[in-house]
Amino acid sequence: MAARQFTGFDGSPLLAQESGSRHAPTVLLLPDLGASGEAWASVAAALSDAGRNSIVLEWRRGADTFGTDALVSDLHAVLHQLSSRPVIIANGSAAYIAAVALGEGGPDLASGLALVETIPGGGSTSAASADLAERAAAAIAETGCPILLLAHGEDFFPAARETQHIECSAAAPSPEVPDRRDAFHACLIDFLERRAPRTATEYVAGSDPRTLRDALGTFATGVTIVTATAPDGRHIGLTANSFTSVSLEPPLLLVCPARSAGSMPVLEKAEFFAVNVLHIGQQGVSNLFAAKGEDRFAETEFELWDRGVPILANALASFECRKYAEYDGGDHVILVGEVERVRYAPQRDPLLYFRGKYRRLHFA
Ligand SMILES: Cc1cc2nc3c(=O)[nH]c(=O)nc-3n(C[C@H](O)[C@H](O)[C@H](O)COP(=O)(O)O)c2cc1C
């Protein structure tokens, strides 16, 4: 985040925090009146990760004591100082101010508007005064830009529900489900991608190993621990994301361990192996089974089923397999297993891996 300063309608400074590239399309985030821009920090981070330039504006000091006109004028002033038309995302009373500013200032000031009742983890929201709500109701009908309404109840911005060009979503956190941060971010990103797409996708091209690795890293995967037992009873296990389901009849899966892996001599000879899919809380297990020089099973809870290979306690899913085939895969081996026994936890989220980093699921 970098500090940025705008000038209000009367020349007074308005502070903002900016993140993401200035060349990326801008999203202007407006905190509720009386709230700090900090409430938008995690959303700003998620949006800049998604390739947006996020600007979190702080209203002028004591904004809730200024009249609507002053705040609308400040917003007009900021919009004129931006080099492109942003999507505005605002919550609580600020959502009403934003609707007034766009409805009364002309539709060309912004390329989209998201009206948010509550930010997950952002505290309670102020209610708009009757005057402001009435003025916003008239203004919203004039805003030609796409609008997203994120509200859990019927009380927030009722006029918005009646307009034609509005999309409603229930991703706003409700009192029953207070923290739905990921779903909330996903909903905003989805709106931005559809309604304010980036002008051109930037590609990186090449045939060198780095480019190939990075391109392959765009395929998001889960994370597994492949385990087996040596003839002397020693257990081996390594982290692998090169896991794929292959066939249901017969039930086959595959995983690709590197020829250079320390586990390879055991895997090559093993008649049985297991694939343990990790859940979101098992990033430490993934790191442990990828690190050199650690006793991987010293602190790891596991059990043995019919074939004597380690089945990790708490895994999201475990597949006990008989080796079905082994193919040449260049500097890796394509190990195909026939699944003999399986167990999975239907209510847990997976640990994901994407572009060389762990991720967690959010819903589209
Ligand atoms: C997320 C992640 C995915 C990985 N996927 C694979 C894989 O599919 N195949 C592989 O051979 N190594 C993979 N690795 C690297 C191995 O886990 C790592 O080299 C490990 O130290 C191998 O252990 P070993 O040499 O004791 O067999 C992965 C590592 C991480 C962190």
Side-chain angles (χ1 to χ4, degrees), residues 49 209-247 252-302 307-321 323-339 344-345 348-362:
D49 278 354
R210 179 75 253 171
T211 311
L212 175 64
R213 263 180 102 111
D214 292 348
L216 291 170
T218 63
F219 186 64
T221 66
V223 181
T224 74
I225 306 293
V226 179
T227 55
T229 301
D232 64 3
R234 187 170 48 92
H235 301 306
I236 61 99
L238 79 158
T239 305
N241 67 340
S242 54
F243 167 67
T244 307
S245 62
V246 175
S247 154
L252 301 179
L253 54 74
L254 72 78
V255 66
C256 303
R259 286 191 190 281
S260 60
S263 315
M264 201 57 204
V266 175
L267 279 174
E268 255 177 342
K269 291 202 184 72
E271 194 183 346
F272 302 98
F273 67 93
V275 179
N276 301 272
V277 179
L278 299 185
H279 68 71
I280 182 63
Q282 291 181 305
Q283 194 173 317
V285 180
S286 172
N287 288 336
L288 175 66
F289 280 80
K292 300 284 176 202
E294 300 284 339
D295 180 354
R296 296 176 182 169
F297 288 94
E299 303 278 311
T300 307
E301 262 187 77
F302 64 92
R307 302 305 189 179
V309 295
I311 304 295
L312 300 198
N314 288 321
L316 182 60
S318 293
F319 302 88
E320 192 180 46
C321 305
K323 194 188 285 174
Y324 181 87
E326 203 179 286
Y327 300 103
D328 177 21
D331 57 8
H332 283 58
V333 169
I334 303 167
L335 198 60
V336 181
E338 178 164 14
V339 181
Y344 76 103
R348 277 194 150 147
D349 275 8
L351 177 65
L352 300 183
Y353 199 69
F354 172 64
R355 289 207 178 114
K357 286 193 183 133
Y358 296 108
R359 308 280 179 151
R360 52 191 175 133
L361 201 62
H362 64 201

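Just follow the structure's listing: the first ligand is 1, and inside any ligand the first atom is 1.
If you take CD on E326 and CG on L267, they are separated by 8.5 Å, rounding to the nearest 0.5 Å.
Between G262 and ligand 1, an N or O atom pair is found at a separation short of 3.5 Å. In terms of polar-atom proximity, defined here as any N/O pair under 3.5 Å, A261 makes no such contact with ligand 1. Considering backbone and side-chain N/O atoms, C256 comes within less than 3.5 Å of an N/O atom of ligand 1.
Those atoms of ligand 1 that come under 4.0 Å of a heavy atom in K292, given as number and element, are 21 (O), 22 (C), 23 (O), 24 (P), 25 (O). Heavy-atom proximity to R296, at under 4.0 Å, picks out these atoms of ligand 1: 20 (C), 21 (O), 23 (O), 24 (P), 26 (O). For ligand 1 and N241, the ligand atoms under 4.0 Å from any heavy atom of the residue are 3 (C), 4 (C), 5 (N), 6 (C), 7 (C), 8 (O). Listed by number with element, the atoms of ligand 1 under 4.0 Å from a non-hydrogen atom of F289 are 17 (O), 20 (C). Which parts of ligand 1 touch S242 is read off a 4.0 Å heavy-atom cut-off, strictly below it: atoms 7 (C), 8 (O), 9 (N). Ligand 1 places these atoms under 4.0 Å from at least one heavy atom of Y353: 1 (C). Close contacts between ligand 1 and S263 involve ligand atoms 24 (P), 26 (O), 27 (O) [criterion: under 4.0 Å to a heavy atom]. With ligand atoms numbered from 1 in the order given, ligand 1 contributes 11 (O) to contacts under 4.0 Å with heavy atoms of P257.
In this structure a side-chain-to-backbone donor-acceptor pair under 3.5 Å is present from R348 to N314. With R307 contributing its side chain and E320 its backbone, the two residues share no donor-acceptor pair below 3.5 Å.
Two residues are said to be in side-chain contact when any heavy atoms from C-beta on lie closer than 4.5 Å; L335 and P257 meet this criterion.
Selection from L351, T239, L238, D331 by nearest heavy atom to atom 4 (C) of ligand 1 gives T239.
Of all the heavy atoms in A274 and V309, the pair that sits closest is CB-CG2, 3.7 Å. A pairwise comparison of heavy atoms in T227 and P310 identifies OG1-O, 2.7 Å as the closest pair. Of all heavy-atom pairs spanning R296 and S263, the tightest one is NH1-OG, 4.3 Å. The heavy-atom pair separating A228 from A270 by the smallest distance is CB-CB, 4.2 Å. Summarising the geometry of G308 relative to T229, their closest heavy-atom pair is O-OG1, 2.7 Å, with the distance given to 0.1 Å.
Here the heavy atom of the protein found nearest to atom 11 (O) of ligand 1 is A258 N, 2.7 Å. Distance from atom 18 (C) of ligand 1 to its nearest protein heavy atom, with residue and atom name: A290 O, 3.7 Å.
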